[in-house]
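What follows is a set of notes on a single structure, which appears directly below.
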Amino acid sequence: MKNIDFYQRIAIVGAKIPPGKVTTYGQLALLCGQPNNSRQVGYALNRGKMGREFPAYKVVNGRGYLSGAASFAAPDLQRELLVADGIEVKDNKVSLKRYGWHHTLEEAERFYNLFLQMGI
DNA sequence: CCTTTGACCAACA
DNA sequence: TTGTTGGCCAAAG
């Protein structure tokens, strides 16, 4: 699997984050078939490799913390976008328990099969 | 070719 | 419960 494909996978999974939910770098990496490659997800976003469509604001770290002022065009942009989606942000952090995307095994398998079928 | 860097993470003290 | 540590791995230098 080429890395270009990994970015494609991230785009596909990112588009399926349920409304009003957030995901983590690690979860995206896992759903994209590379559980130990969460740093690469951060790299892709940092370098703007995911395009304008990608809901980067819905990606937080494993403890629910937002990505940092430097990561978005405006320092407070990520928080504003999350709040606009009805997601509570307190102390620069969201509750993963309440707003995390708790995907099922079936969902994970659907992605796996889709990627297989697409050959990416 | 190395070596360093990073929008990460789980385990540990 | 907070800070640290070692592992991770592709891209950049």
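Chain letters run A, B, ... following the sequence lines, proteins first and then strands; every chain starts at 1.
Contacts between residues 70-81 of chain A and DNA chain B, counted as heavy-atom distances below 4.0 Å, involve A:S71, A:F72. The stretch residues 55-64 of chain A comes close to DNA chain B through A:A56, A:N61, A:G62, each having a heavy atom under 4.0 Å from the strand. Taken residue by residue, residues 86-100 of chain A places no heavy atom nearer than 4.0 Å to DNA chain B. Contact check of residues 13-23 of chain A against DNA chain B (heavy atom, cut-off under 4.0 Å) returns no residues at all.
Taking A:R39 as the reference, nothing meets the side chain to side chain contact (heavy atoms under 4.5 Å, CB included) condition, with sequence neighbours excluded. Residues that satisfy the side chain to side chain contact (heavy atoms under 4.5 Å, CB included) test with A:P75, not counting sequence neighbours, are A:A69. Listed by chain and number, the residues in a side chain to side chain contact (heavy atoms under 4.5 Å, CB included) with A:K49 are A:Y7, A:Y43, A:A44, A:R47 (sequence neighbours excluded). For A:D85, the side chain to side chain contact (heavy atoms under 4.5 Å, CB included) criterion is met by A:Y57, A:K58, A:I87, not counting sequence neighbours.
A:Y65 and A:V59 fall into different hydrophobic clusters, where Ile, Leu, Val, Met, Phe, Trp and Tyr are joined by side-chain heavy atoms under 4.5 Å apart, directly or via other members. Residues A:L28 and A:L30 are members of separate hydrophobic clusters, defined by side-chain heavy-atom contacts under 4.5 angstrom among Ile, Leu, Val, Met, Phe, Trp and Tyr. Both A:F54 and A:L31 are part of a single hydrophobic cluster, where members link through side-chain heavy atoms under 4.5 Å apart.
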Run the side-chain contact (heavy atoms from CB on, under 4.5 Å) check on A:C32 and A:Q34 step by step: do they pass?
-> CA-CA 6 Å; A:C32 290; A:Q34 299 189 192; 5.7 Å; no
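A 4.5 Å side-chain heavy-atom check between A:L82 and A:R79 finds every atom pair outside the cut-off. With a 4.5 Å cut-off on side-chain heavy atoms, A:V22 and A:I17 do not count as touching.
With rounding to the nearest 0.5 angstrom, the CD1 atom of A:I4 is 7.0 Å from the CD atom of A:Q8.
Applying the side-chain hydrogen bond (donor to acceptor under 3.5 Å, both in side chains) test to every pair with at least one member in residues 18-30 of chain A, sequence neighbours left out, gives these pairs: A:T23-A:Q27, A:Y25-A:S67, A:Q27-A:H103.
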List, with names and distances, any nitrogen or oxygen atoms from the protein found under 3.5 Å away from nitrogen or oxygen atoms belonging to nucleotides 2-4 of chain B.
none

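The backbone N or O of A:G64 lies less than 3.5 Å from a partner atom in the side chain of A:N61, making a donor-acceptor pair.
Pairing each heavy atom of A:P55 with each of A:G14, the nearest pair is CG-O, 3.5 Å.
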For residues 104-120 of chain A, which side-chain donor-acceptor pairs fall under 3.5 Å, sequence neighbours excluded?
{"unit_1": "A:T104", "atom_1": "OG1", "unit_2": "A:E106", "atom_2": "N", "d": "3.4"}
{"unit_1": "A:T104", "atom_1": "OG1", "unit_2": "A:E107", "atom_2": "N", "d": "3.1"}
{"unit_1": "A:E107", "atom_1": "OE1", "unit_2": "A:T104", "atom_2": "N", "d": "2.9"}
{"unit_1": "A:E107", "atom_1": "OE2", "unit_2": "A:W101", "atom_2": "NE1", "d": "3.4"}
{"unit_1": "A:N113", "atom_1": "ND2", "unit_2": "A:E109", "atom_2": "O", "d": "3.1"}

Whether each nucleotide of nucleotides 8-13 of chain C has a protein heavy atom under 4.0 Å at its base (B), only at its sugar-phosphate (S) or at neither (-) is summarised, 5' to 3', as BSSSS-
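Within 4.0 Å of A:G26, counting heavy atoms only, lie sugar-phosphate atoms of the nucleic acid but no base atom.
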